[in-house]
Amino acid sequence: MLLRLSSQQENREVNLNSVTEASQTSGVLHGEHLAALTEATIKGDWLTLGELTTAARAAMGQQQVVDCLVVAAAFNGITRVADATGIPLDNATAQQTETLRQETGITRFDYAAKTARYDGEQSP
């Protein structure tokens with residue numbers, strides 16, 4: 001269940017709970033920048049995103065920042081399409097990811113709460 005290049009990373013401990021617990025670090029190289037850029041992109045917080053992009057570019061480089069923003073935007077759109085059309089999680093993926101989803105708290109996810117959270121925090 002890895003994206004194409006994610007399996008080629010250095011031997012590094014990755015904390016998947018950081019996906020649902022902002023207080024935890026991921027262990028991913030430049031994870032703090034990736035998380036902040038993703039959060040600001042999904043929130044549509046363009047002022048903050050500009051500042052974060054500058055800091056991330058200095059740490060990661062321009063191409064990695066662009067890649068991060070493209071992936072964050074694409075996944076946000078793909079998720080909304082899947083949810084809007086009622087696409088269920090297929091059985092094989094559900095079985096393979098059951099423990100992962102429970103351990104990370106993804107099973108507690110409430111899409112309506114996410115919408116309310118981000119719609120209520122729109123930037124000017």
Side-chain angles (χ1 to χ4, degrees):
M1 283 257 166
L2 298 171
L3 297 176
R4 183 170 54 90
L5 293 178
S6 62
S7 64
Q8 297 175 8
Q9 70 181 3
E10 301 170 10
N11 288 334
R12 176 185 302 265
E13 286 292 318
V14 176
N15 178 7
L16 296 178
N17 290 316
S18 67
V19 172
T20 54
E21 295 293 331
S23 63
Q24 296 190 26
T25 58
S26 66
V28 172
L29 185 62
H30 304 301
E32 68 283 356
H33 292 291
L34 298 171
L37 288 167
T38 301
E39 188 79 10
T41 299
I42 292 170
K43 284 182 178 180
D45 187 351
W46 311 124
L47 269 168
T48 302
L49 185 60
E51 296 167 6
L52 293 170
T53 300
T54 300
R57 189 181 307 122
M60 300 169 25
Q62 177 67 20
Q63 188 59 55
Q64 287 75 17
V65 171
V66 170
D67 291 349
C68 172
L69 296 174
V70 167
V71 170
F75 271 77
N76 188 43
I78 290 166
T79 301
R80 288 188 180 263
V81 169
D83 289 345
T85 58
I87 297 172
L89 188 60
D90 64 271
N91 288 335
T93 301
Q95 289 175 358
Q96 291 174 354
T97 63
E98 183 174 358
T99 301
L100 171 73
R101 288 180 290 113
Q102 288 178 2
E103 287 177 358
T104 61
I106 291 173
T107 55
R108 297 186 317 259
F109 184 71
D110 179 359
Y111 201 86
K114 176 187 172 197
T115 299
R117 175 180 168 205
Y118 288 118
D119 287 349
E121 297 180 10
Q122 292 295 318
S123 296

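Not measured: the values here are computed from a predicted model.
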Let me see the working for L89 and R101 under side-chain contact (heavy atoms from CB on, under 4.5 Å), right down to the final yes or no.
CA-CA 12 Å; L89 188 60; R101 288 180 290 113; 3.9 Å; yes

Would you name the heavy atoms of A73 and T41 that are closest together and state the gap between them?
N-CG2, 4.3 Å

How far does CD of Q96 sit from CG of N91, to the nearest 0.5 angstrom?
11.0 Å

Pairwise distance CG(L37) to OG1(T48) - rounded to 0.5 angstrom
11.0 Å

What's the spacing between L49 CG and T53 OG1 if we round to 0.5 Å?
4.0 Å

Please name the pair of heavy atoms, one in S26 and one in G31, separated by the smallest distance, quoted to 0.1 Å.
OG-CA, 3.9 Å

Path from M60 to V14 over hydrophobic side-chain contacts below 4.5 Å
yes

To check you understand the geometry: which heavy-atom pair defines the closest contact between L16 and L100, and what is its length?
CD1-CD1, 2.9 Å

Passes side-chain hydrogen bond (donor to acceptor under 3.5 Å, both in side chains), Q63 versus D67? Steps please.
CA-CA 6 Å; Q63 188 59 55; D67 291 349; 2.8 Å; yes

So CD of E32 and OG1 of T25: to nearest 0.5 Å the spacing works out to 9.0 Å

For Q24 and N15, what are the C-alpha separation, side-chain angles and deciding distance, and is it a side-chain hydrogen bond (donor to acceptor under 3.5 Å, both in side chains)?
CA-CA 8 Å; Q24 296 190 26; N15 178 7; 2.7 Å; yes

Within-4.5 Å side-chain heavy-atom neighbours: L52 and E39
no

Linking I/L/V/M/F/W/Y whenever their side-chain heavy atoms sit closer than 4.5 Å, directly or via other members, would V70 and V65 fall into one cluster?
no

